[in-house]
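Here's the structure we're looking at; comments come further down.
Letters go in sequence order (proteins before strands), and every chain restarts at 1.
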2 protein chains.
Amino acid sequence: MLRISKLTDYGTVILVHLTRQARLCPASDVAADTGIALPTVQKLLKTLGKSGLIESARGAEGGYRLSKAPHDISAADILDALEGPLAITECSGDDSSCEHESNCSAGGAWQQINTAIRKALLDVSLAEMRNPSNEFPLVYRVLGEAGVQQQNEASELITGISKDNP
Amino acid sequence: MLRISKLTDYGTVILVHLTRQARLCPASDVAADTGIALPTVQKLLKTLGKSGLIESARGAEGGYRLSKAPHDISAADILDALEGPLAITECSGDDSSCEHESNCSAGGAWQQINTAIRKALLDVSLAEMRNPSNEFPLVYRVLGEAGVQQQNEASELITGISKDNP
DNA sequence: GTATATTGGACTAAAATAGTCCTATATTAA
DNA sequence: TTAATATAGGACTATTTTAGTCCAATATAC
């Protein structure tokens with residue numbers, strides 16, 4: 001249902017990789033080590049750099065590294081960096097002129113949900129993502145029932161919420 | 001960052017509308033009352049019908065109504081119905097052959113987050129979404145920082161998490 | 001100076017989303 | 001039985017987003 005994009009998932013893999021590197025790590029190394037295509041890695045590293053999650057050095061011996069400790073980077077940070085601050089509502093902008101406004105009272109609840117989700121995202125750090133006990137394969141669509149089930153079967157690790165509403 | 005689709009938002013508006021209708025409500029009425037284009041309303045009502053959230057009657061005097069009490073319909077139900085069970089991971093499928101698997105250890109954390117989010121979604125019912133104290137305009141991208149800020153400014157209702165990571 | 005890297009942005013291709021429309025079927029009421 | 005009203009199902013197009021690639025410019029180390 002809700003989903004993270006493939007690039008965000010790749011980005012997470014890259015960040016996790018960087019938590020394991022002591023020194024500056026060029027994009028080519030990251031690509032080689034993660035198996036993600038170099039152009040894609042370059043693009044992601046640039047994006048992550050702009051958001052301040054990683055820092056870079058140009059030139060020979062240059063590369064990228066985390067700009068703060070893995071423990072201080074949350075899942076929310078990663079999503080903000082890679083999925084952009086594009087959470088703008090169509091009708092909450094400056095020149096808002098939503099023709100549904102008078103009939104609409106559903107938006108508020110999504111705010112409530114938003115807050116809860118944000119909390120969950122702030123609660124998970126990159127350090128936890130690195131945890132080797134999690135042996136899941138690359139996941140880029142995680143937030144749905146089918147995915148949970150499939151991965152339960154695959155890994156038998158999730159103590160997931162069984163979602164069957166009467 | 002994470003976002004719900006426009007159609008999901010519309011669908012929520014429609015469901016909220018139906019909570020206020022005692023009798024069968026034809027698509028044309030829903031469209032007229034919500035301001036959403038009729039073809040779109042028809043499409044959404046069909047989808048919601050298939051998922052079992054609403055029930056329908058054909059023919060003259062026919063229409064749609066909720067199939068259970070608003071209190072028994074959760075946000076998770078709505079998302080499952082409208083965004084589909086498309087939460088399938090690229091590399092957790094049957095013929096999984098993810099070339100990153102050996103290098104990837106980031107997937108597990110998303111599961112953790114998934115569980116937390118799912119909890120949040122199960123916790124909000126359609127009855128709460130209907131609450132008239134929520135006077136937000138139609139929202140179809142809610143789960144990001146910018147959106148929260150904008151809507152804070154607009155409504156001053158959210159006691160949101162101020163998200164500034166050091 | 002040369003090789004190594006990042007930076008920034010343009011660009012294309014692919015996929016998901018949004019929106020529309022048509023035909024078939026069921027129901028009610030006159 | 002006919003006419004009017006509605007949903008059911010699906011095909012279809014257009015738009016937008018996402019994914020992925022590439023190039024020229026700039027900075028650094030040796």
Heavy-atom check, side chain of Leu44(B) versus side chain of Tyr10(B), under 4.5 Å: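 They are in contact (side-chain heavy atoms under 4.5 Å apart), so the answer is yes.
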pair Leu126(A)-Met129(A): side-chain heavy atoms closer than 4.5 Å: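 A side-chain contact exists here, since the closest heavy-atom pair is under 4.5 Å.
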Rounding to a whole Å, what distance do you find between [X]:[atom1] and [N]:[atom2]?
| X | N | atom1 | atom2 | value |
| --- | --- | --- | --- | --- |
| Ile14(A) | dT6(C) | CD1 | P | 12 Å |
| Leu7(B) | dT16(D) | CG | P | 14 Å |
| Lys6(A) | dG20(D) | NZ | C1' | 10 Å |
| Ile4(A) | dA16(C) | CD1 | C1' | 17 Å |
| Glu83(A) | dA19(D) | CD | C1' | 13 Å |
| Leu24(A) | dA29(D) | CG | P | 10 Å |
| Arg65(A) | dA5(C) | CZ | P | 15 Å |
| Glu55(B) | dA26(C) | CD | C1' | 16 Å |

Nearest non-hydrogen partners of Arg23(B) and Arg65(B), listed with the distance: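 Of all heavy-atom pairs spanning Arg23(B) and Arg65(B), the closest is O-CB, 4.5 Å.
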Nearest heavy atoms of Ala31(B) and Ala37(B), plus distance in Å: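 Residues Ala31(B) and Ala37(B), closest heavy atoms: CB-C, 4.5 Å.
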Quick one: does [X]'s side chain have a donor or acceptor within less than 3.5 Å of a partner on [Y]'s backbone?
| X | Y | value |
| --- | --- | --- |
| Ser74(A) | Ser125(A) | no |
| Glu83(B) | Ser5(B) | yes |
| Thr12(B) | Thr8(B) | yes |
| Thr47(A) | Lys43(A) | yes |

Listed pairs, N/O of protein and of nucleotides 11-14 of chain D, under 3.5 Å:
none

Leu48(A) and its side chain to side chain contact (heavy atoms under 4.5 Å, CB included) partner, picked from Leu53(A), Asp77(A), Leu18(A), Leu66(A):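 With Leu48(A) as partner, side chain to side chain contact (heavy atoms under 4.5 Å, CB included) holds for just one option, Leu53(A).
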Under 4.0 Å protein heavy-atom contacts per nucleotide of nucleotides 2-10 of chain D, with B for base, S for backbone only and - for none: ---BBBSBB
Presence of Ser5(B) side-chain N/O under 4.0 Å of dA18(C) phosphate oxygens OP1/OP2: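 Yes, within the criterion.
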